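In what follows, a structure is listed as structure tokens, so that the remarks can point back to it.
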Amino acid sequence: MTSPNSDFLKAVVERGYLHQATDMDALDERALKGPITAYIGFDATADSLHVGSMVPIMLLRLLQKTGHKPIVLMGGGTTRVGDPSGKDESRQLLTDEKIQENIAGIKKIFSKFLTFGEGPTDAVMVNNDDWLRGINYIDFLRDYGKHFSVNRMMSFDSVKLRLDREQPLTFLEFNYMILQAYDFCELSRRMDCCLQMGGSDQWGNIVNGIELTRRVEEKQVFGLTVPLLTTASGAKMGKTASGAIWLNEERLPSYDYWQYWRNTEDADVGKFLRLFTELPLDEIERLEKLQGAEINEAKKILAHEATKLCRGEEAALKAAETAQKTFEQGAIGDDLPTKEIKSTDLEAGIGLLGAITEMGLTASNGEARRFVQQGAVKVNDQKIDDPRYSLNASDLDSDKVIKLSLGKKKHAVLKVV
RNA sequence: GGAGGGUUGCCCGAGUGGCUAAAGGGGGCGGACUGUAAAUCCGCUGGCUAUGCCUACGUUGGUUCGAAUCCAACACCCUCCA
């Protein structure tokens, strides 16, 4: 493959988005000639997306920035079926109402990353339920079913895995890939969409769609996948102890979002800067060369840029300020979780275990007890290892607040009113 | 429809009457070390009004002083036969 000439594909390659693609040269040529329309499909299984979807999201953004038209395809219809996906359990089926809510939540996130509208390169969001719901079974079988080889479908990893592990795969789930291929066909017909992108696990589905479109529409369309990211030490992106790193504010405070990026492993800094920020490449090269403690500067920039895109500049600055106060000055940042307490309650004494559980630092009193006994809990940076300890007025610092800490990174504040 | 095998904690997986809140591993978290990193070592990893109590080994009943372990029925899964 020669190196691409179009702005879009050039950036895709340089910034590390490319995993596999079909006929890159022809696609490159098409992208040089004028705006192309491309889509990525997303599930409607939750009302928000998490960091695991960030690579596809950034890819759509890049597409739009380089002068093309992104389509966000919501799998409202296919969510009603469920993807084989190699998981042993079939996916829980959701009600239509819940799916609608989920789509609304996800649209909110995309509106931060893409410009939606009617113009030639404005993004649009479509729901495959629009064309899947009305399908007539017999007609569909006749027109599309004949193009699918079961032999071939059995060879896809998602199916093979389930069969090899002797886990059930229902016919319903087996049909998922047919419906997904049909989506591409339909988008090509309706919106002249010529490119489907997605995670590398979607390669099989994408190729199916390309072939179906060629046979039914007699059009050449393209596919491009992005790598499925794991961190340098092999962990999945976007999962931490406290749960997924959600993109929406209702599910995850911006401070925590900022912290997630701030805690990137050294070995991932360059890769993440390329994928998740829009800094120029020469700047990124400079940053990833930083050694030792200096690389923390690069991580802060990563955290700032990533948070800015998703939560806005103000939220990013506030998070950075809180982090700086908390970690570098040992002070108390505004963004830390805070709870107001009555001074009369404090006079009576507030149990330490209950307090840290209430603040969400620990999940239960029992867990809180263990942490206290292990010496993981601090009150105003002073280690407390007595589980019976009771907070009282003498714990207030000069600003009339009490800082509670679990471990080095989790902090919360009690404020007297 | 018949025969056999299976269902254990977040996940994998041992356990076949009391010593079992259940081995081991993974994951996660905490501590030490550091740079809010990685690696390494140590510890923790059901809940509670806590020297005790409650809930938990697919579901419901039963046997027993005592059941994840034995019996019965049911549900789901797998394999083979029809």
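Numbers restart at 1 for each chain; the letters A, B, ... are given by sequence-line order, proteins then strands. Remember, it's a predicted structure, so these values are computed and weren't measured experimentally.
At the phosphate of G46(B), neither OP1 nor OP2 sits under 4.0 Å from any side-chain N or O atom of Arg369(A). Taking side-chain N and O atoms only, Lys410(A) has a distance below 4.0 Å to OP1 or OP2 of G30(B). Between G46(B) and Ser364(A), no contact under 4.0 Å exists linking OP1 or OP2 to a side-chain N or O. Considering only side-chain N and O atoms, Lys409(A) lies under 4.0 angstrom from the phosphate OP1 or OP2 of A37(B). Phosphate proximity of U49(B) to Asn365(A): present, with a side-chain N or O under 4.0 Å from OP1 or OP2.
With Tyr17(A) contributing its side chain and Leu275(A) its backbone, the two residues share a donor-acceptor pair below 3.5 Å. Using a distance-only test at 3.5 Å, with no hydrogens or angles considered, a donor-acceptor pair links the side chain of Arg311(A) to the main chain of Leu247(A).
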Which atom pairs, one a donor and one an acceptor, fall under 3.5 Å between side chains of residues 139-150 of chain A and the rest of the protein, sequence neighbours left out?
residue   : atom : partner   : partner atom : Å
Tyr144(A) : OH   : Arg189(A) : NH2          : 2.9
Ser149(A) : OG   : Asn151(A) : N            : 3.3
Ser149(A) : OG   : Arg152(A) : N            : 3.0

With both pairing distances under 3.5 angstrom for Watson-Crick or G-U wobble, and | for a partner in another strand, the correct string for RNA chain B is (((((((..(((.....[.....)))((((((.......))))))(((...)))...(((((..]....)))))))))))).

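In this entry the distance linking CH2 of Trp261(A) with P of A37(B) reads 17 Å, nearest Å. For the pair Asp256(A) CG and U36(B) P, the interatomic distance rounds to 18 Å; values are reported in whole Å.
Nearest-nucleotide mapping onto RNA chain B: of Asn263(A) and Gly375(A), the residue sitting toward the 5' end is Gly375(A).
Within 4.0 Å (heavy atoms only), Leu406(A) reaches no atom of the nucleic acid at all. Residue-level contact check: Gln259(A) touches the bases, meaning some heavy atom is under 4.0 Å from a base atom. Within 4.0 Å (heavy atoms only), Thr326(A) reaches no atom of the nucleic acid at all.
Note: Lys300(A) NZ to Leu287(A) CG = 12.5 Å, rounded to the nearest 0.5 Å.
Between G9(B) and G1(B), the distance separating the two P atoms is 31 Å to the nearest Å. When the P atom is used for both G28(B) and A37(B), the distance is 15 Å, rounded to whole Å.
Side-chain rings of Trp246(A) and Tyr257(A) stay apart, their centers remaining 6.0 Å or farther from each other.
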